[in-house]
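Proteins get letters first, then strands, A, B, ... in listed order; numbering begins at 1 in each. Atom set for the values below is all heavy atoms of this structure, side chains included, hydrogens, waters and symmetry mates excluded.
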Number of protein chains: 2
Amino acid sequence: MARKKEVSAEQTQRTIIATAERLFMSHGYRAISTRRIAEECGITQPALYHHFPNKQAIYLEVVRTIMVQTERAMTDVLQDYANSRERIQRIAYFMIMNHQGDMTQMFHDLQYEIDEEHRQTIQDWWMRSYFNPVMQTLTEGIAKGDVMSLPSAPPMELSFFVLEMMKSFLPPSKQDYEARREFAEKKSTMLVDILFDGIRKK
Amino acid sequence: MARKKEVSAEQTQRTIIATAERLFMSHGYRAISTRRIAEECGITQPALYHHFPNKQAIYLEVVRTIMVQTERAMTDVLQDYANSRERIQRIAYFMIMNHQGDMTQMFHDLQYEIDEEHRQTIQDWWMRSYFNPVMQTLTEGIAKGDVMSLPSAPPMELSFFVLEMMKSFLPPSKQDYEARREFAEKKSTMLVDILFDGIRKK
DNA sequence: TTAATAACTTATCACTTGATAAGTTAACTC
DNA sequence: GAGTTAACTTATCAAGTGATAAGTTATTAA
């Protein structure tokens, strides 16, 4: 073993992932060079290759970190709230609070810049952490009589749609906590108001 | 003057724009090289620079073409339909039928890859061709009593949201006409069903 | 104290990128 | 038919890319 003082390898890796997340998620995979990541971490570019085998591995670790964090949060929401509307709102709130940039960028990168083999793995993670909680909320809502089963929108397609609605509310970049909190509160309310009641005058 | 036979310069330029649209809109600005565009047009890379000053100019012309086409279609919709719900559905139908990939990619490129000066121009185009028709439809709907004015979703924010809903339905790539038509019909119905009536059981 | 090794750095690779310079050819004007 | 020019091509550039090789230094186990 070696070098425990100064900054540990673990600390450096955390810095790399945090920096890479910020850069990749706002600018996209291709737009961010390994030199840029290294520079903003305060290390040289080849040092990245001591911690990760290649650029793609850094990206995958970023995505994995996000997914793990999300799955934990989703589990909490489903445990803490029983009402469908409240669950959807809390999920939206979490995503707006914790996800920067557009996640659409991430999905695009996953589809076009990442190898087939890893793509499948990540899609499985995504199903577990994002899709299933929403799907479960909606199907349970239908079963309980909270939620209407629209002929034009079967549960699965509805779930995808709800996630798309959430993605569309993500702020372009990270602001300070208080501004973000207020924004997330407002937008998550707007989302469930429209989603559950619609805009037609009754 | 010179060279009228074979393929005209105008024809070549149209080919370049059509090819660039297909490539840029599905893969993104950065992911598409000028060599790739040229190759798929059947010309050499420097030939592009005979028709356009640089890569960005090609991209801007692609975007302009899309916007012009959209503005025309939107005008038709507002002329042909008076009912708010029908208008929104026809707008959604047009977008799903005519826009490939995710437009979000386009917005990302405009924000991160295009010069400030052009960004403003394009934003103005976008307001005219996309935003205004939706905004007009919703405000008129509120005035007529078709549409409810939600406290959590003022008309402007609602309009942005509706456009985001539409964007989320865009198919990943172009299929054959009939499959696309069916898809667009289904998704535009789903959109207005959710948007106007919501999913809450009454 | 010494040998091993983690955690780096400097130097450099092959390759792709957008862009330019200079030459070529076909069509049109006169 | 000579000259001009539009519409290209071939050859090449400098800058930036991901990745590797080889050297350096500090820490730790023995």
Side-chain angles (χ1 to χ4, degrees), chain A residues 1-21 23-24 26-63 109-110 112-118, chain B residues 1-21 23-24 26-63 109-110 112-118:
Chain A
M1 289 260 256
R3 191 179 288 204
K4 274 278 175 65
K5 267 182 186 172
E6 300 268 356
V7 276
S8 69
E10 279 180 27
Q11 183 57 50
T12 306
Q13 283 178 33
R14 269 196 297 272
T15 305
I16 293 170
I17 294 303
T19 305
E21 177 180 344
L23 294 172
F24 279 144
S26 58
H27 293 80
Y29 182 75
R30 243 197 165 81
I32 297 303
S33 68
T34 52
R35 278 165 183 81
R36 174 84 185 274
I37 297 172
E39 192 190 352
E40 299 213 10
C41 288
I43 56 176
T44 59
Q45 183 249 0
L48 293 176
Y49 290 79
H50 179 76
H51 298 283
F52 300 93
N54 48 44
K55 186 187 179 185
Q56 190 176 264
I58 299 176
Y59 188 79
L60 291 175
E61 183 57 25
V62 164
V63 173
D109 287 338
L110 290 172
Y112 289 100
E113 315 283 356
I114 302 300
D115 292 347
E116 167 66 28
E117 42 164 344
H118 297 113
Chain B
M1 285 258 254
R3 190 177 289 206
K4 274 276 175 65
K5 270 183 184 172
E6 300 267 358
V7 276
S8 69
E10 278 180 28
Q11 183 56 51
T12 306
Q13 282 177 34
R14 268 195 298 272
T15 305
I16 293 170
I17 294 304
T19 306
E21 176 181 344
L23 294 172
F24 279 144
S26 59
H27 293 79
Y29 182 76
R30 244 198 164 82
I32 298 302
S33 67
T34 51
R35 276 165 185 81
R36 174 83 184 275
I37 296 172
E39 192 190 352
E40 300 213 9
C41 289
I43 56 175
T44 58
Q45 182 248 0
L48 293 176
Y49 290 79
H50 179 76
H51 299 282
F52 299 93
N54 49 45
K55 184 186 180 186
Q56 191 177 263
I58 301 176
Y59 188 79
L60 291 175
E61 184 56 26
V62 164
V63 173
D109 287 338
L110 289 173
Y112 289 100
E113 315 283 356
I114 303 300
D115 291 348
E116 167 66 29
E117 40 165 347
H118 297 113

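- When rounded to the nearest whole Å, the span between CD1 of A:Ile37 and P of D:dT17 equals 11 Å.
- When the P atom of D:dG18 is taken as reference, atom CZ of A:Arg30 falls 10 Å away, rounded to whole Å.
- Here the P atom of nucleotide C:dA19 and the CZ atom of B:Arg36 are 18 Å apart, to the nearest Å.
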For residues 41-52 of chain B, which side-chain donor-acceptor pairs fall under 3.5 Å, sequence neighbours excluded?
residue	atom	partner	partner atom	Å
B:Gln45	NE2	B:Thr34	OG1	3.0
B:His51	ND1	B:Gln13	NE2	3.3

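- Pairs of residues two or more places apart, or lying in two chains, never qualify as salt bridge (Lys or Arg N to Asp or Glu O under 4.0 Å) while including a residue from residues 42-58 of chain A.
- Within residues 47-55 of chain B, the residues approached by DNA chain D to less than 4.0 Å at the level of any non-hydrogen atom are B:Ala47, B:His50, B:His51, in residue-number order.
- B:Glu10 pairs by the salt bridge (Lys or Arg N to Asp or Glu O under 4.0 Å) definition with nothing, not counting sequence neighbours.
- Heavy-atom minimum distance, A:Tyr29 versus A:Glu113: CD2-CB, 3.6 Å.
- The distance from the CG atom of B:Asp109 to the CD atom of B:Gln56 is 11.0 Å, given to the nearest 0.5 Å.
- B:Glu39 places its CD atom 16 Å from the C1' atom of C:dG18, with the value rounded to the nearest Å.
- A straight line from CD of A:Glu10 to P of D:dT27 spans 18 Å, rounded to a whole angstrom.
- Each of B:Gln45 and B:Gln13 lies near DNA chain D, and the nucleotide nearest B:Gln13 is the one positioned closer to the 5' end.
- Look at CD1 on A:Ile43: it is 11 Å from C1' on C:dT9, rounded to the nearest Å.
- Rounded to the nearest 0.5 Å, atoms CD (A:Glu61) and CZ (A:Arg14) are 11.5 Å apart.
- With sequence neighbours excluded, the residues satisfying side chain to side chain contact (heavy atoms under 4.5 Å, CB included) with B:Glu40 are B:Thr19, B:Arg22, B:Leu23, B:Arg36.
- Proximity of A:Thr12 to the phosphate of C:dC8: a side-chain N or O atom is located under 4.0 Å from OP1 or OP2.
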Output a table of nitrogen or oxygen pairs between the protein and nucleotides 14-16 of chain D separated by less than 3.5 Å.
none

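- When the side-chain nitrogen and oxygen atoms of B:Thr34 are compared with OP1 and OP2 of C:dG18, one or more of them lie within a distance under 4.0 Å.
- A:Ile32 comes within contact range of the sugar-phosphate backbone alone, with a heavy-atom separation under 4.0 Å but no base atom that close.
- Atoms CD1 and CD1, from A:Ile58 and A:Ile32 in turn, are 11.5 Å apart once rounded to the nearest 0.5 Å.
- Contact annotation: the side chain of B:Tyr59 approaches that of B:Ile114 to within less than 4.5 Å [non-hydrogen atoms, C-beta and beyond].
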